[in-house]
Protein chains: 2
Amino acid sequence: MSNMLTRVAEIVSRMTIRDVAREAGVSVGSVSRALNGGKNVSARVARDVAAAAEKLGYQPDLQARSLRTRTTGMVGCLVSDVANPLYASIVQAAEARLRDAGLLMVVANTANDPARERAVVAAFRSRRLDGMLVAPGSDENDRAWRELAAGGAPVVILDRDVPHEEDTPWPAVLVDHREGARTATRYLIGLGHRRIALLTPGARMRPGRERIAGFKAAFAEADVDPAGALVCLQESSMDFAQGDALELLRRDQRPTAIIALGTRILAGALRAARDLGLSIPADLSVIAVGDTDLAAVHSPAITALRWSLEDVGRAAAELLLQRLRGTGEGPSRALLPVDLVLRESCAPPTAK
Amino acid sequence: MSNMLTRVAEIVSRMTIRDVAREAGVSVGSVSRALNGGKNVSARVARDVAAAAEKLGYQPDLQARSLRTRTTGMVGCLVSDVANPLYASIVQAAEARLRDAGLLMVVANTANDPARERAVVAAFRSRRLDGMLVAPGSDENDRAWRELAAGGAPVVILDRDVPHEEDTPWPAVLVDHREGARTATRYLIGLGHRRIALLTPGARMRPGRERIAGFKAAFAEADVDPAGALVCLQESSMDFAQGDALELLRRDQRPTAIIALGTRILAGALRAARDLGLSIPADLSVIAVGDTDLAAVHSPAITALRWSLEDVGRAAAELLLQRLRGTGEGPSRALLPVDLVLRESCAPPTAK
DNA sequence: TTGTAAGCGTTATCAC
DNA sequence: GTGATAACGCTTACAA
C-alpha cells in the first residue's frame, strides 16, 4: 500500500526547476539559463545542471513558461470540419510544418456555425495562442472577425475572403479557382461544347464565387452564347446532386458537358448519367473539380481540376511562421495554381 | 499617430483581473469569485464585477489560470495522419464532443514514426494536457508508452493493442474487426466460394491482425480447406494493390472472391479485375473493408463492412471525459460493432 | 461576505 | 558568471 503510494507519488509529482537547482547545487536562475540559452553559464554549471535534470527526469512546465514569456507555442486552426478531405489535407500539411517549428496545433470544428466560430475565436484568444489559421464557413461573421483582429495574434486566412479594415487585408493563402474553372470551361468549349453545366455548392464562399466567375469568363471570352453556361447551385449531398443532375440531363436542350465539384456531387452526377444510359464521354463529358480518389479510379477516369492541398497547408504555415517571427514582412498573400489533369472523360459532343 | 498608438494599446494590452477589480472597486479575490463560482459573493459585487468586466472587455487568461488550477482544459490527440479519412472522422467526432465539454483539442501527426511519437508524447506532457487520445502507428514503442503512463494524465487508446503493465490495460475504444471479417468471410463461403483473398495491409496493427484472425476463423468454422484462405499483405497504394491483384487473379486456381481494405487497395483490385475482363459479381465477388464513397458509387455498388468512425471518436471522448471527471470508474473499454452492408458485388462463384 | 497574500513554475532584471 | 528576487495573471486559504 505505502509502496503503491510511493510509486504514484514518483509518477505524478513533477520535478520543478527548484528541484534541479537543489540537486545541482546552483540557483534556479542558473538552471534556467543553462537549460535555455546556454548563454552566460560556465561549463561546470552547464554540466551539473544537465546531469541533475537528467537524473531527476525534469521536464520544464511549458505552461508556466508561457506565463512569463507571453508565448504559448501553440497555434489554432479553425475549420468547418476536419473530416472533410479538403480541410484534412490542409490541416495535415500545416501541422507538419508547424510541428517542425516546435509549435503545437489546436483544432476546432465550427460546422459553419457563426456562433461556434465566435466561441472558438474567443477560446483561442483566451488561451493566448500565438497565431491562428482560419477557414470560416462564410465570409460574414463580423463580430468574430473583429474579435479575431482584436486578439492581436497573427492570423492567416485559408482560401476565403474575410472582410477587413480598409487598407489591411488579412494575410491569406488563396487558390486560383477562377483561373482553374476558366481553363476547364475553355477546354470544353474548345472541344465544341456549347451547353455546359457547372454543379457547385452555393456562392457563399470564395471558392464557389471564383469558380462561377471563371466559368462565365470563359464563355464571354469565347464569344459563345452565355445562355449555355448553366450554373446549378448544389447542396453538397450525393442524393441531391443526383436528383438535380437527372432533371438537368432530361431537358430538351440538355448540357453536353458537366463540371462537378468534389466527391459527393460528382458521384451524384455520375449516377444520374448511368441511370439515363448516357455513356461518358460519348454522350456526356465530365470534369471533376478537385482530384479525388473517385475521379482517378472511375472508369473512364475523370478529367479533373487539381490543386495541391498540401501546398495550401504548407504555405499557410509558412506565412504564419513568418509573422510569428516578425521577420521583415515579406508577401502576405499567396495565390496557388490549379491544373487541369486530362484523362478520359471528355470528348467532342456528338452531333444531334 | 498618438491616436493610432492608443488604439493599438487598447487592442493589444489585455485587461487583467486587477483592472477589473479596480474598475469595480473591489478586490481581485472578489472578482475571481464573482466570475467563477459565483459562490460567496453579494449581489452588488456580482453586478459591479460583471459590468466592469464587460466594459473593459476582460477575458481571463486561461493560461495563467491553468498554472494555479493544474488543469489546462486541453486534450491531446495523437494519430499517424489526420488526413487519412479513417482518422479524420474519428478526430472530428471526438473534437465535437470534447468542445461541448469545454475542452480544446491539440492534434499531432506522427506519420507512424516512433521517434515522433515519443516527441509528441513528451510535448503533450510538458504542456500539461489534461488527457490524450492515442492511435499509435505500431504497438511497439515501449519508451513512448512508458512516458505516456508516467505522464499521469488519463489516456484512451484508439483501436490499438498497446502493451500495458500486468493488470492495468489501457482504457480503449476498439472496433470488432475480427467479427466483421468473420461475418464477411462466412457470407462468401455461404455463397459457395472456397478460394477467397484478403487484401490487407500488414498485421503490425490491431485492425489488420484482428481481420486476419476473423478471416481464418470463418474458414475453420465452416470446415472448408483452409488453404483457400489467401492472405495478401499490401502496401496501402493503389498501384501496388493493382499489381498484386493482377498476379493473384491470373493464377490457375485464382480466388473467386476478394475482400479488400479501404479505398486505395479496393481501387487497385477493381482495376485489376477490369484489366482482366472479369466482371463483378459474375466472375469475381468483392467486399470492401470500410465503407467509402468509392464502394457506394461504383457500379456495381460494392458490398462493404461498415463501422461508425463517429462512434469511435465519440466513445473515446466519452471515456476520456469520464476519467477526467474521475466519476466512479465505469467501463474502461468499448467494443464497437462492424456491419456487413449488402450491395451488388457478391454472387455465387460460376462453375468452372 | 470580503480583502490580503501566498503561491503555481517559469524567466528576466538586477546587483554582486 | 551567478544568485536573489520580482514579476506573469490567476485561484484559494485564511483573516477580518
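Applying the side-chain hydrogen bond (donor to acceptor under 3.5 Å, both in side chains) test to R128(A) and every residue at least two apart in sequence or in another chain returns D61(B). Contacts of R325(A) classified as side-chain hydrogen bond (donor to acceptor under 3.5 Å, both in side chains), with partners at least two apart in sequence or in another chain: none. Among residues two or more places apart in sequence or in another chain, the side chain to side chain contact (heavy atoms under 4.5 Å, CB included) test is passed with A34(A) by V41(A), V49(A). Considering only residues two or more places apart in sequence or on other chains, S89(B) meets the side-chain hydrogen bond (donor to acceptor under 3.5 Å, both in side chains) condition with none of them. For R22(A), the side-chain hydrogen bond (donor to acceptor under 3.5 Å, both in side chains) partners two or more places apart in sequence, or in a different chain, are D19(A).
One end of the helix from dT1(C)-dA16(D) to dC16(C)-dG1(D) points its axis 50° away from the other end's axis, with each axis taken from 5 pairs and the angle rounded to 10°.
Here the C1' atom of nucleotide dA13(D) and the CG atom of N40(B) are 13 Å apart, to the nearest Å. Here dT2(D) presents its P atom at 14 Å from CG of L35(A), a figure rounded to the nearest Å. Rounded to an integer number of Å, the gap from CG of L62(B) to C1' of dG9(D) is 11 Å.
For residues 71-82 of chain A, the side chain to side chain donor-acceptor pair (under 3.5 Å) pairs, not counting sequence neighbours, are T71(A)-D130(A), T72(A)-D130(A). For the salt bridge (charged side-chain N to carboxylate O under 4.0 Å, His left out) condition, the pairs that include at least one residue of residues 144-161 of chain B, sequence neighbours left out, are R125(B)-E147(B), D159(B)-R206(B), D161(B)-R209(B). Sorted by first and then second residue, the pairs that involve residues 34-49 of chain A and meet salt bridge (charged side-chain N to carboxylate O under 4.0 Å, His left out), not counting sequence neighbours, are R44(A)-D48(A). Applying the side chain to side chain donor-acceptor pair (under 3.5 Å) test to residues at least two apart or on different chains, the pairs with a partner in residues 96-113 of chain A are E95(A)-R99(A), R97(A)-E318(A).
Looking only at side-chain heavy atoms (C-beta outward), P60(A) and L35(A) stay at 4.5 Å or farther from each other.
Using a 4.0 Å heavy-atom criterion, one finds that D61(B) contacts the sugar-phosphate atoms exclusively.
Read 5' to 3', the first and last nucleotides of DNA chain C with an atom closer than 4.0 Å to a heavy atom of chain B are dT1(C) to dG9(C).
Residue T16(B) comes nearest to Y58(B) through the heavy atom pair C-CE1, 3.5 Å, listed as atom of the first residue, atom of the second, then distance.
Both I17(A) and R44(B) lie near DNA chain C, and the one whose nearest nucleotide falls closer to the 5' end is R44(B).
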Atom pairs under 3.5 Å: protein N/O with N/O of nucleotides 4-8 of chain D:
unit_1 : atom_1 : unit_2 : atom_2 : d
dA7(D) : N3     : R68(A) : NH1    : 2.5
dC8(D) : O3'    : R70(A) : NH1    : 3.1

